[in-house]
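Written below as structure tokens is the structure these notes are about.
Residue numbers begin at 1 in each chain, while the letters A, B, ... track the order of the sequences. Computed from a predicted model, the values in this text were never measured in an experiment.
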Number of protein chains: 2
Amino acid sequence: MRNHAEELRALQDTLYFIGGKWRLPVINAICNGHRRFREIERSIPGITTRMLSKELKEMEMNNLVTRTVYADTPVLVEYAPTAYCRSFGTIIQEMIRWGRQHRKTILKGRADKP
Amino acid sequence: MRNHAEELRALQDTLYFIGGKWRLPVINAICNGHRRFREIERSIPGITTRMLSKELKEMEMNNLVTRTVYADTPVLVEYAPTAYCRSFGTIIQEMIRWGRQHRKTILKGRADKP
DNA sequence: TTATCTGGTATACTCTATGATACTGGTTAC
DNA sequence: GTAACCAGTATCATAGAGTATACCAGATAA
């Protein structure tokens, strides 16, 4: 209730930063130890190469990941999470919790069908 | 790392449920005590009547809010949050926290500009 | 009387996020 | 030799989320 405007602004900033449907799944994948491009791609069924590529670029620009190229043969590329990236941990955990609960509730056939 | 697939599914369920850019702001407004249509509308600068109307309809269908009409003159409509609606509390709070922290960090001129 | 509040609906438009598909150049395995 | 891996890029198409604007009927205030 108090300082609704400021809360709203903070909330909207976060929503804006998160943006589309892939940002959080990608952050989660990387924070869960997936480092290589194809590895991340495989760990998120449904994402296309194009979207992952776009996400990773933006995330690098926003300092959410670092991209390291090991110029051996074959070239190896590694994406690693920054502290900034990990700062989404609690949000993601809460969302996972909610999603699990939601699924349970739906399966029990209640809650969103009263 | 463990059961990444299940976590991902839960996360994506939540993201899907949240949907667009207005769902969480509207939930927040209603949970913060705004009950009337125009009141909610005013409390979220930038939202249009059309989007708010759409959101509220979907939210009613999803059992996130109840819509009560008091048929006095003038007719009075009240939107109230359900428990389901309030279950987003922690997610929203975490997002507000993140947004505030983000703003601080940006203002200090660091973090996302290394 | 005119303006302003209420709770919305209707129509038209924009735009961008996402999806689908194909391709590249190099490496390694069969 | 060809198939499959790597890390992507390029091009095109499209749904639908979001915006803009105007409008309705009824009540209230100036």
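- For Phe37(B), the listed nucleotide lying nearest its side chain is dG8(C); candidates were dG8(C), dT6(C), dG8(D).
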Nucleotide N/O of nucleotides 16-23 of chain C paired with protein N/O under 3.5 Å:
{"unit_1": "dT18(C)", "atom_1": "OP1", "unit_2": "Lys21(A)", "atom_2": "N", "d": "2.9"}
{"unit_1": "dT18(C)", "atom_1": "O4", "unit_2": "Arg50(A)", "atom_2": "NH2", "d": "3.2"}
{"unit_1": "dG19(C)", "atom_1": "OP1", "unit_2": "Lys21(A)", "atom_2": "NZ", "d": "3.1"}
{"unit_1": "dG19(C)", "atom_1": "OP2", "unit_2": "Trp22(A)", "atom_2": "NE1", "d": "3.2"}
{"unit_1": "dG19(C)", "atom_1": "N7", "unit_2": "Arg50(A)", "atom_2": "NH1", "d": "3.3"}
{"unit_1": "dG19(C)", "atom_1": "O6", "unit_2": "Arg50(A)", "atom_2": "NE", "d": "3.0"}
{"unit_1": "dG19(C)", "atom_1": "O6", "unit_2": "Arg50(A)", "atom_2": "NH1", "d": "3.3"}
{"unit_1": "dG19(C)", "atom_1": "O6", "unit_2": "Arg50(A)", "atom_2": "NH2", "d": "3.3"}

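- A donor atom on one side chain and an acceptor atom on the other are found under 3.5 Å apart for His4(B) and Asn32(A).
- For Tyr79(A) and dG8(D), the shortest distance from a side-chain N or O to OP1 or OP2 is below 4.0 Å.
- Closest-nucleotide positions on DNA chain C for Lys57(B) and Pro74(A) were compared, and the one nearer the 5' end corresponds to Lys57(B).
- Between Trp98(A) and Phe17(B), the two ring planes are tilted [angle within 30° to 60°].
- Between atom CZ of residue Arg9(A) and atom CG of residue Leu11(A) there is a gap of 12.0 Å, rounded to the nearest 0.5 Å.
- The side chain of Ser53(B) places an N or O atom within less than 4.0 Å of a non-bridging phosphate oxygen (OP1 or OP2) of dT9(C).
- Among the protein residues, Arg23(B) comes within range of no part of the nucleic acid, since none of its heavy atoms lies under 4.0 Å from any strand.
- Proximity of Arg42(B) to the phosphate of dT6(C): a side-chain N or O atom is located under 4.0 Å from OP1 or OP2.
- For the pair Arg35(A) (side chain) and Ile30(A) (backbone), a donor-acceptor distance under 3.5 Å is present.
- Between the CE atom in Met51(B) and the CD atom in Glu41(B) there is a gap of 12.5 Å [rounded to 0.5 Å].
- Under a cut-off of 6.0 angstrom, the local environment of CZ in Arg97(A) is sparse, with at most 12 non-hydrogen atoms contributed by other residues, nucleotides or ligands.
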